[in-house]
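Just so you know, these numbers use all the heavy atoms, side chains as well, and skip hydrogens, waters and symmetry mates. Just so it is clear, the model here is predicted, and its values are computed rather than measured.
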2 protein chains.
Amino acid sequence: MTDTVPKQNKRPPTIHDVAAQAGVSRGTVSRVLQGGHNVSPASHRAVDAAIRKLGYVVNRAARSLVTRRAGSVAFLLSEAHERLFQDPNLATLLRGCTTALAEHDVPLVLIAAGTEAERRRIAPYLSAHQVDGALLFNSNRGTPMIDLLQQAGLPFVCCGKPQDQSGSISYVVADDREGARTMMRYLVDAGRKRIATIAGPSDGPGGSDRLQGYRDVLTERKIRFDKRLVATGDYSRASGESCMRDLLTRAPDLDAVFVASDLMAEGALRAIERAGRTVPDDIAVGGFDDSSVATATIPTLTTMRQPWQRISDMMVRQLLAQIEGDGPATVILPTELVIRDSA
Amino acid sequence: MTDTVPKQNKRPPTIHDVAAQAGVSRGTVSRVLQGGHNVSPASHRAVDAAIRKLGYVVNRAARSLVTRRAGSVAFLLSEAHERLFQDPNLATLLRGCTTALAEHDVPLVLIAAGTEAERRRIAPYLSAHQVDGALLFNSNRGTPMIDLLQQAGLPFVCCGKPQDQSGSISYVVADDREGARTMMRYLVDAGRKRIATIAGPSDGPGGSDRLQGYRDVLTERKIRFDKRLVATGDYSRASGESCMRDLLTRAPDLDAVFVASDLMAEGALRAIERAGRTVPDDIAVGGFDDSSVATATIPTLTTMRQPWQRISDMMVRQLLAQIEGDGPATVILPTELVIRDSA
DNA sequence: GGGTCGAAAGTTAGCGTTAACACTTCCGCC
DNA sequence: GGCGGAAGTGTTAACGCTAACTTTCGACCC
């Protein structure tokens with residue numbers, strides 16, 4: 001009379017089973033799991049074979065209990081709902097961090113922390129070290145989340161320069177200022193004389209650095225700064241469009257525009273088209289990000305590529321290092337000019 | 001001679017500390033943690049007070065070890081890289097599930113499973129039940145991930161109807177067919193006579209249901225089906241634009257178009273504008289999704305809202321129920337017509 | 001008054017892993 | 001030939017929690 005239930009889930013193998021199979025002690029198996037120091041090649045091979053044979057996977061809960069490490073890190077979604085849904089960079093970063101962490105076998109826990117209520121809810125979770133560290137996107141807008149993390153004594157790494165630089169906070173950014181300079185030099189070298197810019201909010205990602213880069217090159221090339229050629233958007237498509245309209249009104253003779261994000265650049269392209277001007281013949285447009293929209297526009301966008309892959313990797317590396325006891329660090333990564341049709 | 005290190009991290013309080021503080025046994029504290037059955041009101045209060053006073057947070061690793069439950073669920077990113085970055089619905093769903101799960105105090109682990117290599121890597125992780133269940137987005141394209149989950153014996157819920165319906169698979173979808181009908185009836189009732197449609201790929205989200213809804217209403221209203229009025233895109237902006245161009249060539253007299261996604265509708269708007277026609281006067285445009293782009297277009301999009309909030313909630317509820325032992329179920333949620341400027 | 005029952009509480013045995021410790025070898029060296 | 005040390009291995013005590021088991025204590029009923 002066999003069991004009627006098809007095949008009941010028999011317990012997964014434990015380190016004990018592996019030890020028995022390999023003919024060694026649990027301790028030796030554990031040592032192999034930790035990297036195999038002080039284990040003879042023969043034992044190592046035996047254990048490896050046993051692990052494969054049994055399909056053994058370490059029980060993270062048990063490990064976590066004794067090591068007092070969660071073995072996972074959090075990605076904090078600190079953005080408000082609306083913004084979250086629109087930023088193509090967030091998706092890119094999230095994907096990059098997930099992949100980078102997978103390489104280290106560290107699960108990524110997604111945590112919503114956009115509202116005050118959410119922050120209150122997760123505070124005990126973080127304080128109790130249910131994760132070993134946290135990754136932050138766009139930490140720039142306000143610092144409540146950062147305060148919380150510091151108070152919890154949890155290692156964390158921001159993507160983007162945090163506003164409050166008082167404490168030593170780890171962060172990874174693209175070189176916004178130099179990137180802006182590169183784009184500007186490209187426009188100048190292409191013979192453009194009246195170059196406008198649509199900057200982002202000074203407290204947003206990139207901060208005022210991209211605007212600063214714009215000014216740097218004007219100075220460098222001895223071009224007079226004209227404040228009529230500067231507009232400030234909020235990184236949304238709509239703001240890019242309205243800023244461009246304003247610029248075209250204030251300075252109809254402009255022949256290029258450096259836009260601080262691709263999304264705004266898309267809006268700008270639209271405004272230019274509606275004004276009956278052409279890109280790039282009348283007006284050259286340079287973006288920033290090389291996000292997914294850059295290839296979707298007509299014409300496609302010439303833009304500065306942010307090295308998201310490397311940014312993710314560095315954030316993860318920095319975070320893991322910090323968890324291991326390293327001090328905070330800041331990493332600045334170079335951007336790359338991607339030439340397409342708009343300039 | 002006090003310690004020089006500022007304030008070393010003293011151990012967080014354990015259930016033992018709480019018991020001592022409350023003057024009860026560990027068992028009683030645990031019972032309170034489980035919901036407080038068979039605990040006298042007095043003890044319950046004492047334990048609650050102790051928990052608050054000590055700032056106690058349960059150690060999930062220890063709990064997990066003894067309950068043989070991970071206490072977390074996975075969100076599987078089964079999309080290839082490029083698509084992932086562009087789908088506004090994914091971000092919405094991800095956010096919704098995170099929030100819904102937070103309510104149940106269940107962490108969401110993000111797992112990349114878009115490539116074959118990634119799938120191979122996570123297979124043991126899933127088989128070893130390092131998560132209690134999985135949430136899937138867009139399971140439609142192929143079933144390798146589903147096979148893997150079934151093999152691992154892990155409960156899971158899909159967003160969208162899975163292609164392979166052989167096994168009984170839990171899924172949650174918006175009522176695509178009825179939604180399409182609603183939009184179509186709206187267009188017909190508005191006096192449109194030649195209504196075209198841009199459908200999505202039949203193996204994509206929404207499948208052929210939205211196209212079916214289109215045909216349903218034609219039949220219902222005794223309008224002859226004209227295959228020149230049907231184009232098939234791939235849900236991208238670019239495909240919406242090119243499909244619309246085709247439609248305008250094949251049937252210049254069309255006076256409305258029902259587009260199976262907002263992103264494609266955005267492309268369609270563009271094609272219409274370029275063709276020198278106006279929306280909604282010449283041509284009415286109806287979208288599907290009510291994603292973030294719907295309010296960003298000019299004119300804003302009339303569209304069918306997918307109830308992402310409820311979809312997330314139901315997915316989470318279903319998954320948790322399944323983890324508790326319930327059988328699979330399918331949930332179909334109604335969509336809602338959102339009237340804006342394009343129709 | 002003895003028996004039964006159930007609620008409320010205490011007691012205890014693990015859950016699977018690691019890390020600290022203890023124990024053998026075995027090698028090289030004085 | 002004894003001694004120190006290192007490499008390899010086994011042994012064991014936690015880690016914090018839950019669940020099953022036991023105990024206590026009244027209430028209630030015949």
Original post:
Taking side chain as C-beta onward, heavy atoms only, is A/L136 less than 4.5 Å from A/F75?
Top reply: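 Result no, sub-4.5 Å side-chain heavy-atom pair not found.
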
**OP:** State, with a plain yes or no, whether a side-chain heavy atom of A/R45 is found less than 4.5 Å away from one of A/D48.
**Re:**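 Not touching, per the 4.5 Å side-chain cut-off.
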
Check the surroundings of atom [atom1] in [X]: do more than 12 heavy atoms from other residues, nucleotides or ligands lie under 6.0 Å from it?
| X | atom1 | value |
| --- | --- | --- |
| B/Q309 | CD | no |
| B/H16 | NE2 | no |
| B/Q151 | CD | no |

**OP:** Determine, for A/E103 against A/R317, whether the closest basic-nitrogen to carboxylate-oxygen distance falls under 4.0 angstrom.
**Re:**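 Looking at A/E103 and A/R317, the cut-off is not met.
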
**OP:** Indicate yes or no: does B/E118 engage B/R121 in a salt bridge with an N to O separation below 4.0 Å.
**Re:**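 So B/E118 does not pair with B/R121 through a salt bridge.
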
Original post:
Contact boundaries of DNA chain D with chain A (under 4.0 Å, heavy atoms), 5' to 3'?
Top reply: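 Endpoints of the contacted stretch of DNA chain D: D/dG8 to D/dG16.
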
Subject >> Of residues 44-52 of chain A, the positions that come close to DNA chain D - non-hydrogen atoms, cut-off under 4.0 Å >> reply: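 Those residues whose heavy atoms fall under 4.0 Å from DNA chain D, taken from residues 44-52 of chain A, amount to none.
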
Original post:
Among A/R310, A/K161, A/M315, which residue meets the side-chain contact (heavy atoms from CB on, under 4.5 Å) test with A/V172?
Top reply: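 The single option meeting the side-chain contact (heavy atoms from CB on, under 4.5 Å) with A/V172 is A/M315.
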
Original post:
Are the side chain of A/D132 and the backbone N or O of A/A70 linked by a donor-acceptor pair below 3.5 Å?
Top reply: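 Yes: the side chain of A/D132 pairs with the backbone of A/A70.
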
**OP:** Could you encode protein contacts along nucleotides 15-20 of chain C as a string, one character per nucleotide from 5' to 3', using B for base contact, S for sugar-phosphate-only contact and - for no contact, with a heavy-atom cut-off of under 4.0 Å?
**Re:** BBBB--

**OP:** Under 4.0 Å between any heavy atoms, over every strand shown, what does A/S64 touch: base, sugar-phosphate, or nothing? Just pick one.
**Re:**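 No contact.
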
Original post:
Would A/V109 and A/V73 satisfy side chain to side chain contact (heavy atoms under 4.5 Å, CB included), going step by step from the backbone distance to the final call?
Top reply: CA-CA 6 Å; A/V109 177; A/V73 308; over 6 Å; no

